[in-house]
Amino acid sequence: MAVHSISTLSLVLCFSSIILLLFSSHAQAFKYCDKNANYAVKVSGVEILPDPVIRGEPFTFKIAAYTGEPIPSGDLVYEVSYVGLEGPPATYLHDLSEETPCPVPAGNFVLIHTEFMPKDTPPGAYTINVKLNFKDHNDKLLTCIIFPFKIGAESSASAV
């Protein structure tokens, strides 16, 4: 019986490892803007599709997150910077309801954002700084993450 338990445990660990590898092949590394902050919204993963991003085509990023309290409304601020280039980032403001159904109930949720990448966007490494702000008179910051993404050298028009 002990042999059966060990075999079952090994099988479960093997399948868990395979699932983790499959998810991590599409998941992007991210970090919190302030590693010492205790953000109300905890992010568990970021996925970018396609990866690398193709110039002249839309791309989507999905942010899996958790909130302990409902979020009635809010703003998302995306700041996109080209790695190694000085200057202010390109900033985009979106209502939270554009990215996920509002109000967001307590528990797990996913933010989904799709953007069109112009054909003339330079290829290379970029970072996205995502801030989730709660709409109230204090403009409370619920979370802030930074994650990298790459834009491929070929656009869809030049690949045809």
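Please read all numbers here as calculations on a predicted model, not as lab measurements. Numbers here simply count residues along the sequence, with the first being 1.
Distance OG1/Thr60 to CD1/Ile48: 10.0 Å, rounded to 0.5 Å. One finds the CG atom of Leu111 at 6.5 Å from the CG atom of Leu96 (value rounded to the nearest 0.5 Å). Atom OG1 of Thr121 and atom CD1 of Ile54 lie 13.0 Å apart (nearest 0.5 Å). The OG atom of Ser44 sits 7.0 Å away from the CZ atom of Phe30 when rounded to the nearest 0.5 Å. Considering CG of Leu93 and CG of Leu76, their distance stands at 8.5 Å, rounded to 0.5 Å. In this structure, Asp75 CG and Glu98 CD are separated by 9.5 Å, a value rounded to the nearest 0.5 Å.
The shortest side-chain heavy-atom distance between Tyr66 and Val41 does not fall under the 4.5 Å cut-off. The closest side-chain heavy-atom distance from Thr114 to Pro58 is below 4.5 Å. Using a 4.5 Å cut-off on side-chain heavy atoms (C-beta onward), Lys31 and Ile145 make no contact.
The aromatic rings of Phe59 and Phe149 sit parallel to each other, their planes meeting at less than 30°, with 60° as the upper class boundary.
Side-chain atoms of Tyr32 come within 3.5 Å of backbone N or O of Val43 as a donor-acceptor pair. For the pair Lys42 (side chain) and Tyr39 (backbone), a donor-acceptor distance under 3.5 Å is present.
Pairs engaging residues 69-123 under the disulfide (SG to SG under 2.5 Å) rule: none recorded [sequence neighbours left out]. The side chain to side chain donor-acceptor pair (under 3.5 Å) pairs that include a residue from residues 77-87 are Tyr78-Glu99, Glu79-Asn129, where partners are two or more places apart or lie in different chains.
Counting non-hydrogen atoms of neighbouring residues, nucleotides and ligands closer than 6.0 angstrom, the NZ atom of Lys150 reaches no more than 12 such neighbours. With a 6.0 Å radius and a threshold of 12 heavy atoms from other residues, nucleotides or ligands, Glu69 has its CD atom at or below the threshold.
Contact between Pro70 and Pro72 at its shortest, heavy atoms only, is O-CD, 3.6 Å. Pairing each heavy atom of Pro123 with each of Gly152, the nearest pair is CB-O, 3.4 Å.
Ile146 and Tyr126 sit in two unconnected hydrophobic clusters of ILVMFWY residues. Membership requires side-chain heavy atoms under 4.5 Å apart, directly or through other members.
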Could you go step by step and tell me if Tyr92 and Val77 meet the side-chain contact (heavy atoms from CB on, under 4.5 Å) rule? CA-CA 6 Å; Tyr92 305 92; Val77 179; over 6 Å; no
List the steps and the verdict of side-chain contact (heavy atoms from CB on, under 4.5 Å) for Ile63 and Val110.
CA-CA 5 Å; Ile63 301 172; Val110 177; over 6 Å; no
**Report entry** Derivation of the side-chain contact (heavy atoms from CB on, under 4.5 Å) call for Phe147 and Thr127
**Finding:** CA-CA 6 Å; Phe147 60 90; Thr127 60; over 6 Å; no
